[in-house]
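Here the structure comes first, spelled out in structure tokens, and everything after it is commentary.
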Amino acid sequence: MSINMRVFTWALALACVAGAVLALTESESPLRLFLTPLFLLVVPGAAVTGLLRDRDPLAALSVGAMASLVVNVLLATAMLSFNAWSPRAGVATIAVLSGFIYVLRLLYRGSGSMQTEQGTVSR
């Protein structure tokens, strides 16, 4: 990965963390209007895209983007259906779900197994 891509990745990650913190603390900062939706759209998609690293990059990005939209729409629908609308709870739920997907990725990738050229797992 080039240095420019790493800088972009870290800047995006910091912006997403800032968006979550601003939403959870109910800050009145004008940055909240930009950073919180950025968090809600980027984080679930990045988590899912991480699971699809061995696939075609365009396909992985497409699936990640759609997964992000689906997770957000399902969460909003559930919150409205149960009359439990809360932006703080929505941000926290997205953070927990994305963290869970990230842990799955770590377990899947870091199981100590070696992958062969055919993609099968051998120990």
Side-chain angles (χ1 to χ4, degrees):
M1 187 179 333
S2 70
I3 292 177
N4 290 338
M5 187 57 107
R6 284 185 191 209
V7 170
F8 175 73
T9 302
W10 278 103
L12 186 61
L14 288 174
C16 288
V17 168
V21 169
L22 288 172
L24 291 174
T25 60
E26 294 182 351
S27 171
E28 297 298 324
S29 170
L31 290 174
R32 179 179 173 187
L33 296 174
F34 173 71
L35 296 177
T36 300
L38 183 71
F39 169 81
L40 292 173
L41 293 174
V42 169
V43 171
V48 170
T49 302
L51 288 173
L52 302 173
R53 222 175 227 170
D54 297 337
R55 308 286 190 243
D56 176 42
L58 183 59
L61 285 174
S62 299
V63 170
M66 289 304 112
S68 182
L69 290 174
V70 166
V71 166
N72 281 292
V73 168
L74 287 176
L75 177 62
T77 302
M79 290 171 75
L80 289 173
S81 295
F82 293 114
N83 200 20
W85 182 259
S86 168
R88 289 178 68 193
V91 168
T93 303
I94 293 295
V96 168
L97 286 174
S98 298
F100 178 71
I101 293 171
Y102 182 73
V103 168
L104 284 177
R105 177 183 156 208
L106 290 178
L107 291 174
Y108 175 69
R109 300 282 182 205
S111 63
S113 62
M114 306 253 319
Q115 291 196 358
T116 62
E117 288 181 18
Q118 291 85 16
T120 60
V121 176
S122 64
R123 293 186 179 227

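None of the values given here were measured: they were computed from a predicted structure.
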- Message: Quick check: closest heavy atoms across Met79 and Ala89, and the distance to 0.1 Å?
- Response: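 In this case the closest contact between Met79 and Ala89 is CE-CB, 4.4 Å.
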Can you name the nearest heavy-atom pair linking Thr36 to Gly19, along with the distance?
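Heavy-atom minimum between the residues: OG1-O, 3.0 Å.
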Do Asn72 and Pro44 touch side chain to side chain, with heavy atoms closer than 4.5 Å? yes
Measuring from atom [atom1] of [X] to atom [atom2] of [Y], what distance do you get when rounded to the nearest 0.5 angstrom?
{"X": "Phe8", "Y": "Leu12", "atom1": "CZ", "atom2": "CG", "answer": "5.0 Å"}
{"X": "Leu33", "Y": "Leu38", "atom1": "CG", "atom2": "CG", "answer": "13.0 Å"}
{"X": "Leu22", "Y": "Leu31", "atom1": "CG", "atom2": "CG", "answer": "6.5 Å"}
{"X": "Leu69", "Y": "Leu41", "atom1": "CG", "atom2": "CG", "answer": "6.5 Å"}
{"X": "Leu106", "Y": "Leu51", "atom1": "CG", "atom2": "CG", "answer": "9.5 Å"}
{"X": "Leu61", "Y": "Met66", "atom1": "CG", "atom2": "CE", "answer": "11.0 Å"}

Look at the side-chain heavy atoms of Ile, Leu, Val, Met, Phe, Trp and Tyr, link any pair under 4.5 Å apart, and say whether [X] and [Y] land in one connected group.
{"X": "Trp85", "Y": "Phe39", "value": "yes"}
{"X": "Leu52", "Y": "Val71", "value": "no"}
{"X": "Val42", "Y": "Leu35", "value": "yes"}
{"X": "Val63", "Y": "Ile94", "value": "no"}
{"X": "Leu40", "Y": "Leu80", "value": "yes"}

For this session: Check for a donor-acceptor pair, side chain of Ser68 on one end and backbone N or O of Gly64 on the other, with a separation under 3.5 Å.
Result: no
Open item on the list: Please check: side-chain N/O of Arg55 versus main-chain N/O of Ala60, any donor-acceptor pairing under 3.5 Å?
Closed with: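 Not at all, since once roles are kept as given, no pair shorter than 3.5 Å links the two residues.
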